Amino acid sequence: MKFPGRRRHKHYFPVEDKDPIINQLHVVDRLKRNYICGIDQIVVDIEAKVDQAFLDEFGLQRGMSQVIDNDVTNALYDRLKRDDMIDYEFAGGTIGNTMHNYSVLADSRSVLLGVMSENIQIGSYAYKFLCNTSSRVDLDYLQPVPGPIGRCFTLIDDSGERTFAISAGMMNHLKPESIDKSLIENASALVISAYLMRTSGEETMTQATMQAVKYANDAGVPVVLTLGTKFLIEQDPAWWAEFVEKHVDILAMNEEEGEAITGFDDPLLAADKALDWVDLVICTAGPKGLFMAGYVDDEKKRETEYPLLPGAIPEFNQYEFSRAMRRSACKQPIKAYSHTAPYMGGPDTIKNTNGAGDCALAAVLHDLSANVYHKINVPNSAKHEQHAITYSSLAQISKYANRASYEVLVQHSPRLSRGLPEREDSLEQTYWDQ
Ligand SMILES: Nc1ncnc2c1ncn2[C@@H]1O[C@H](COP(=O)(O)OP(=O)(O)OP(=O)(O)O)[C@@H](O)[C@H]1O
Ligand SMILES: Nc1nc2c(ncn2[C@@H]2O[C@H](CO)[C@@H](O)[C@H]2O)c(=O)[nH]1
């Protein structure tokens, strides 16, 4: 496990002791490892640039993620092939991306649950998915299916807006009995997305997800939900609010999804409202950066050293130097909020915004998981006198999340091809040390 936070050596926990003599004394004293677990519809993204006429031709609604039938899939695919429009094909899926990016950032294990074709041809989509996933993502628990995984046509227009057309294949055939109870109970987090509730007919993904959520809820494992797309939430915001309140501990959303579920278009107010239901909220806001909201015990709160910010909640960032806690762990819970602008103001040229939010969540998960890792290996550390769920402060995590998203914006794929540099001396003045 690499440690998150400021990308400077002195802030890293000494993970391995390098002294060869001392090491002999500790041969049986190996560091304990933890992992996080995610469930996804296993899909490969097929990306192409299109215009509105193209979307109209196939009856696709701009900006939405929609499931398409076999006839539309075949016609769409033939057209993209015929006109040589496919830019790239790469493993995708909102949680698949998040698990991959978590494993790359943390250099640590995550477990991905979902389905995988039992017969794999070289060059097939199933093959591409496996090849494009970090070897740190444990795929041993995937359930075999006698058919194809999903395809996600990622259609991008001139304004950068993405329209997703999902050809489901067997991606929703994960069965509840394929969920390993002890795997979930021992995880540091269970990560799911709203897309998993979009099933029909014989598809069992929703039941499988609910089974995993029950195991996690019963064992006190934090359930992390990312909302996926506003269109799904808008269909029944009250159902989603109730689901979140009952089953979810950490909520990730962008500002549109935040508005869909809370009714507030201001990301700060949306995050504040979501704190009625969950312990921690991450709300990404594109070029405006990222908001976080959480709880801290009054006696553990820490004042920011940054200027106090105006907003719908005046001076909302006053306690952003606090580490987040579960509300139930606080004697006197108070709310803490943070806002961070995009890293370096955003890149000069954005190659791709697809998956920037997934990557921000991966960074937050890295911080949560590092806290568990530190706690199981150094239980008596003064750090754990506070029963925090994060390793770093809200301010620090949001910087880290923005930093990680930046990396996605400057590459073509939603999945990181490498971790972040451990030292970024030249950048400290401009960002980490601000
Ligand atoms: N146009 C932009 N300029 C600068 N930074 C950006 C821009 N768009 C996104 N970002 C960065 O990426 C982060 C996540 O972006 P965004 O809010 O678009 O996520 P999202 O809509 O959830 O994305 P996805 O669903 O594709 O994962 C932001 O918090 C910000 O740091
Ligand atoms: N699991 C899942 N991922 C999706 C869906 N629609 C879009 N995505 C993914 O969302 C990612 C960007 O956040 C892309 O890489 C897509 O693969 C969907 O319906 N289900």
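Predicted, not measured: the structure shown is a model, and the values here were computed from it. Computed over heavy atoms, backbone and side chain alike; hydrogens, waters and symmetry mates excluded.
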Check the angle between the aromatic planes of Tyr337 and Phe316 and answer parallel, tilted or perpendicular using the 30° and 60° thresholds. perpendicular
Could you check whether the rings of Trp240 and Phe243 sit parallel, tilted or perpendicular, using 30° and 60° as the cut-offs? perpendicular
Please answer whether the main-chain N or O of Phe264 pairs with a side-chain N or O of Thr262 as donor and acceptor at a distance below 3.5 Å. yes
Kindly determine whether Gln411 and Lys351 satisfy side-chain contact (heavy atoms from CB on, under 4.5 Å), including the steps that lead there. CA-CA 6 Å; Gln411 57 168 49; Lys351 291 206 176 120; 5.8 Å; no
Taking atom types as modelled, find out whether Asn402 and Thr340 have a side-chain donor-acceptor pair closer than 3.5 angstrom. no
N/O donor-acceptor pair under 3.5 Å between Arg162 side chain and Thr154 backbone: no
Begin with the C-alpha distance, continue with both residues' side-chain angles, and end with the deciding distance and a verdict on salt bridge (Lys or Arg N to Asp or Glu O under 4.0 Å) for Asp87 and Lys49. CA-CA 8 Å; Asp87 288 333; Lys49 301 270 176 326; 3.2 Å; yes
Distance col, row Glu257:CD vs Leu225:CG, nearest 0.5 angstrom, shows 9.5 Å
May I ask you to decide if Val223's main-chain N or O and His247's side chain share a donor-acceptor pair within less than 3.5 Å? no
For the atom pair CG (Leu105) and NE2 (His100), what is the distance rounded to the nearest 0.5 Å? 9.0 Å
Minimum heavy-atom distance Ser110-Ser103, with the two atoms named: OG-OG, 2.9 Å
Please identify each residue that fulfils salt bridge (charged side-chain N to carboxylate O under 4.0 Å, His left out) with Lys288, with sequence neighbours left out. Glu255
I'd like to know whether Arg109 forms a salt bridge (Lys or Arg N to Asp or Glu O under 4.0 Å) with Asp138, so could you lay out the CA-CA distance, the side-chain angles of the two residues, the decisive distance to 0.1 Å, and finally the verdict. CA-CA 7 Å; Arg109 178 178 176 231; Asp138 184 342; 2.8 Å; yes
Could you tell me whether the side chain of Thr163 and the main chain of Gly63 form a donor-acceptor pair under 3.5 Å? yes
Do you know which two heavy atoms are closest between Ile261 and Leu227, and how far apart they sit? CG2-CD1, 3.9 Å
Before giving the answer on salt bridge (Lys or Arg N to Asp or Glu O under 4.0 Å), spell out for Lys214 and Asp218 the whole-Å C-alpha distance, their side-chain angles and the decisive distance to 0.1 Å. CA-CA 6 Å; Lys214 183 171 183 332; Asp218 291 349; 2.7 Å; yes
Aromatic rings Phe321 and Tyr306: how do their planes relate, parallel, tilted or perpendicular, breaks at 30° and 60°? perpendicular
Residue pair Val410 / Pro347: nearest heavy atoms and the distance that separates them: CG1-CB, 3.5 Å
Check Thr390 against Ala324 and note the closest heavy-atom contact, atom names and distance. OG1-N, 3.0 Å
Distance, nearest 0.5 Å, that separates CD1 of Ile149 from OG of Ser167: 10.5 Å
Looking only at non-hydrogen atoms, find the nearest pair between Leu190 and Ala216 and report the distance. CD2-CB, 3.9 Å
Run the numbers on Met64 and Phe164 for side-chain contact (heavy atoms from CB on, under 4.5 Å), then give the verdict. CA-CA 6 Å; Met64 271 185 76; Phe164 296 115; over 6 Å; no
Begin with the C-alpha distance, continue with both residues' side-chain angles, and end with the deciding distance and a verdict on side-chain contact (heavy atoms from CB on, under 4.5 Å) for Tyr215 and Ile179. CA-CA 9 Å; Tyr215 290 151; Ile179 306 290; 3.9 Å; yes
All N/O donor-acceptor pairs, side-chain side in residues 325-334, below 3.5 Å, sequence neighbours left out:
| from | atom 1 | to | atom 2 | distance (Å) |
| --- | --- | --- | --- | --- |
| Arg326 | NH1 | Asp249 | OD1 | 3.0 |
| Arg326 | NH1 | Asp279 | OD2 | 3.3 |
| Arg326 | NH2 | Gly220 | O | 3.4 |
| Arg327 | NH1 | Tyr295 | OH | 3.4 |
| Arg327 | NH2 | Asp276 | O | 3.4 |
| Lys331 | NZ | Glu299 | OE2 | 3.2 |

Tell me if the CD atom of Glu242 is crowded by more than 12 foreign heavy atoms within 6.0 Å. no
Say whether Asn317 and Ser338, considering side chains only, have a donor N or O and an acceptor N or O under 3.5 Å apart. no
Can you confirm whether more than 12 heavy atoms, excluding those of Lys181, are under 6.0 Å from its NZ atom? no
For Tyr88 and Glu47, does a side-chain donor sit closer than 3.5 Å to a side-chain acceptor? yes
Under 3.5 Å, is there a donor on one side chain and an acceptor on the other for Arg62 and Ser159? yes
Exercise: do Asp358 and Thr94 side chains pair donor with acceptor under 3.5 Å: yes
Can you name the closest pair of heavy atoms from Gln386 and Arg323 and give their distance? NE2-O, 3.3 Å
Assign the ring pair Tyr406 / Tyr343 to parallel, tilted or perpendicular, where the plane angle (0 to 90°) is split at 30° and 60°. perpendicular
Taking the six-membered ring of Tyr319 as reference, does the cationic atom of Arg302 (NZ for Lys, CZ for Arg) lie under 6.0 Å from its centre and within 45° of its axis? no
Does a donor on one side chain and an acceptor on the other come within less than 3.5 Å for Thr226 and Ser193? no
Using a distance-only test with no angle check, is there a side-chain donor-acceptor pair under 3.5 angstrom linking Ser369 and Asp367? no
Donor-acceptor contact present, side-chain Asn97 to main-chain Gly93, <3.5 Å: yes
Using side-chain heavy atoms (C-beta onward) and a distance below 4.5 Å, is Leu76 in contact with Thr73? no
CD1 of Ile350 to CG of Asn354: how many Å apart, nearest 0.5 Å? 12.5 Å
Between His366 and Tyr400, do the side chains contain an N or O donor and an N or O acceptor separated by less than 3.5 Å? yes
Approximate separation, where rounding is to 0.5 Å, of Asp180 CG and Leu183 CG: 5.0 Å
Mind checking whether Thr204 and Asn172 have side chains closer than 4.5 Å, heavy atoms only? no
Could you check whether the rings of Phe3 and Tyr373 sit parallel, tilted or perpendicular, using 30° and 60° as the cut-offs? tilted
Would you please test Ile250 and Ile282 for side-chain contact (heavy atoms from CB on, under 4.5 Å) and show each step? CA-CA 8 Å; Ile250 297 169; Ile282 302 113; 3.9 Å; yes
Using modelled atom types and a 3.5 Å cut-off, is there a donor and acceptor pairing between side-chain atoms of Glu407 and backbone atoms of Ala404? no
Is it true that the side chains of Ser65 and Arg198 contain a donor and an acceptor less than 3.5 Å apart? yes
When rounded to the nearest 0.5 angstrom, what is the spacing between CG in Leu368 and OG in Ser392? 9.5 Å
Does a sphere of radius 6.0 Å around CD in Glu161 hold more than 12 heavy atoms from other residues, nucleotides or ligands, not counting ones at 6.0 Å or beyond? yes
If only atom types and distance count, is the side chain of Gln207 paired as donor or acceptor with the main-chain N or O of Lys175 below 3.5 Å? no
Test His412 against Asn352 for side chain to side chain donor-acceptor pair (under 3.5 Å), laying out the working first. CA-CA 6 Å; His412 282 291; Asn352 162 45; over 6 Å; no
Side chains of Thr133 and Arg415: any donor to acceptor distance under 3.5 Å? yes
With sequence neighbours excluded, what pairs up with Lys128 under the salt bridge (charged side-chain N to carboxylate O under 4.0 Å, His left out) test? Glu89
Aromatic contact between Phe129 and Phe90, with the criterion being ring centroids under 6.0 Å apart: yes or no? no
